[in-house]
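Notes for the one structure printed next.
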Number of protein chains: 2
Amino acid sequence: MEQNPPEGLSSRDRILWAAASMLGEHAGSALSVRAVAARARVSTGSLRHHFPTQRELMETVLPMLYDMVLPEDSIHESSIPPRERLIASLQRQLAPSGVDQRPRDDWRLTFERYIKDEPTEAVRAEYLAIDRELHRRVEYVLTVLENEGSLAKGDNARRARFLLTVVSGLSIAQVFPNEGRLLQNELEVLGTAVDWVFDAQP
Amino acid sequence: MEQNPPEGLSSRDRILWAAASMLGEHAGSALSVRAVAARARVSTGSLRHHFPTQRELMETVLPMLYDMVLPEDSIHESSIPPRERLIASLQRQLAPSGVDQRPRDDWRLTFERYIKDEPTEAVRAEYLAIDRELHRRVEYVLTVLENEGSLAKGDNARRARFLLTVVSGLSIAQVFPNEGRLLQNELEVLGTAVDWVFDAQP
DNA sequence: ACCTGAACACCGTTCAAGT
DNA sequence: ACCTGAACACCGTTCAAGT
């Protein structure tokens, strides 16, 4: 149970390491200040010095976790568990440009171009092409996992439709008013969707 | 701020009155044992005697509140299979006003009010209240299914978060350009999500 | 600047003791 | 059976004090 942080790390990095390792073990569960501080071998005060609120800690740690598996080719890195690779690849579709003000701008453009008014045939075709590309990418990732034996053979088109609906719901949630549990919620919901892909019997 | 319960009520009913009135005032905020007990003018121990856990209190109070709002709901018609009832109830959230041109208008208003610009605190609170109400309704439906034994006991808040993310993704898909498989796709994806709820082992 | 640990104001739950 | 209130083991945050 008791784990020690790697040596030679700064306090701040030990805190991040502790938080990341705890999230890795039990994703979605809330991190308590004292538990993280204990594993990082620092005081709660030190933790609060680097991360004034628990939310700031989460918002620093979670993007780091994603960034670790973000590169496209990481889908082939079989050192990373298949579940995490699929989550990372979906996360890429969800937040291709960061977690700041950008999602709102993205949605504003998207809304104005494809939704606000009945689109022209050309605009319609453009959107359908983008949408197919998204599906193609997810299906590709699923195929890779199938081929290496991590995932049971199944209807990958259907799986992709389901996963991308979830991603779409999470994406729009990013720009609605929310109560600050956004990233935790994303992790939880994506994890649930991915569990279905891996566990459902066809 | 200090309110007194109606006279002549039993302790148990004063507790329910207190919890209901607090949910009504500040919907969504968690109910603390001590706050409810104080308003009900009983001790925390008495509250725990009637409601051994905070969850049991919530699960007694919430259905009471709902029955006041939506008494007619096919969710209780046990002649219909539980899976279908859950799907039907989610479909109601998805398309409360029909499946024609309306979704586009709905989304246009929603987008303009809550997303386009950084909302004021009042608008933000308004959205959060609506969102919590949606979650509460789904949780209520899940509770009904649990109580009749159709659904394994589980974390209904988490289940609702997942289901409503899926509903949200389907809702925005209604207004994007599509290839006409919309309804088929909705049923497939909703079915998948509902399967997870019924089949996943916790 | 970085860090400590006590202190504060919460939380849900448990329980010996009363009626 | 019903009720009390103290006690326990948590939580996030604040802060005077050290280096």
Side-chain angles (χ1 to χ4, degrees), chain A residues 1-2 4-23 25-62 178-185 187-188, chain B residues 1-2 4-23 25-62 132 136 139 143 153-158:
Chain A
M1 339 255 85
E2 280 297 298
N4 281 322
E7 279 171 59
L9 259 52
S10 68
S11 284
R12 190 173 185 281
D13 287 344
R14 287 212 305 285
I15 291 164
L16 289 172
W17 169 87
S21 71
M22 290 167 81
L23 279 176
E25 282 165 21
H26 207 342
S29 66
L31 293 179
S32 102
V33 229
R34 286 167 184 78
V36 174
R39 178 170 291 192
R41 310 275 177 206
V42 301
S43 63
T44 64
S46 176
L47 197 161
R48 270 292 157 278
H49 176 257
H50 291 289
F51 304 97
T53 112
Q54 206 64 1
R55 177 178 171 172
E56 280 182 53
L57 173 61
M58 288 300 284
E59 288 181 350
T60 309
V61 161
L62 288 177
N178 62 78
E179 277 162 326
R181 288 198 21 105
L182 213 51
L183 285 166
Q184 268 163 288
N185 188 53
L187 201 71
E188 179 194 275
Chain B
M1 28 230 73
E2 279 296 298
N4 281 321
E7 279 173 58
L9 260 52
S10 67
S11 285
R12 190 174 185 280
D13 286 344
R14 287 212 306 283
I15 291 164
L16 289 173
W17 168 88
S21 71
M22 290 169 82
L23 280 176
E25 279 167 23
H26 204 335
S29 65
L31 294 180
S32 102
V33 229
R34 286 167 185 78
V36 174
R39 177 170 290 193
R41 310 277 177 205
V42 300
S43 65
T44 64
S46 176
L47 197 161
R48 269 292 157 277
H49 176 257
H50 292 289
F51 305 97
T53 124
Q54 205 65 359
R55 180 176 170 174
E56 281 182 52
L57 173 60
M58 290 298 282
E59 288 181 353
T60 309
V61 162
L62 286 179
R132 276 190 299 259
R136 207 165 281 141
E139 282 186 53
T143 307
K153 292 266 178 201
D155 185 344
N156 284 342
R158 178 169 172 242

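Just so it is clear: chains get the letters A, B, ... in the order the sequence lines come, proteins before strands, and each one is counted from 1.
- The distance from atom CG of L57(B) to atom P of dT13(C) is 10 Å, rounded to the nearest whole Å.
- Checking side-chain atoms of T60(A) against main-chain N and O of E56(A) turns up a donor-acceptor pair under 3.5 Å.
- Atom OG of S43(B) is separated from atom NE2 of H49(B) by 10.5 Å, given to the nearest 0.5 angstrom.
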Pairing string of DNA chain D (Watson-Crick or G-U wobble, both atom distances under 3.5 Å; | = paired to other strand) is ||.|||||...|||||.||

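- For the pair L9(B) and W17(B), the tightest heavy-atom approach, listed with the atom from each and the gap, is CD2-CB, 4.2 Å.
- Between F51(B) atom CZ and dG12(C) atom P there is a gap of 15 Å when expressed in whole angstrom units.
- Defined by atom type and a distance below 3.5 Å, a donor-acceptor pair is present between the side-chain atoms of R39(B) and S21(B).
- Counting only heavy atoms from C-beta outward, the side chains of F51(A) and L16(A) approach each other to under 4.5 Å.
- The separation between R55(B) atom CZ and dG12(C) atom C1' is 15 Å, rounded to whole Å.
- Using a distance-only test at 3.5 Å, with no hydrogens or angles considered, no donor-acceptor pair links the side chain of R34(A) to the main chain of A37(A).
- A distance of 7.5 Å separates CG in L187(A) from CE in M58(A), rounded to the nearest 0.5 Å.
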What one-letter contact string describes nucleotides 1-8 of chain D from 5' to 3', where B marks a base within less than 4.0 Å of any protein heavy atom, S marks contact via sugar-phosphate atoms alone, and - marks no contact? -BSBBBB-

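- Between atom NE2 of residue H50(B) and atom CD1 of residue I15(B) there is a gap of 5.0 Å, rounded to the nearest 0.5 Å.
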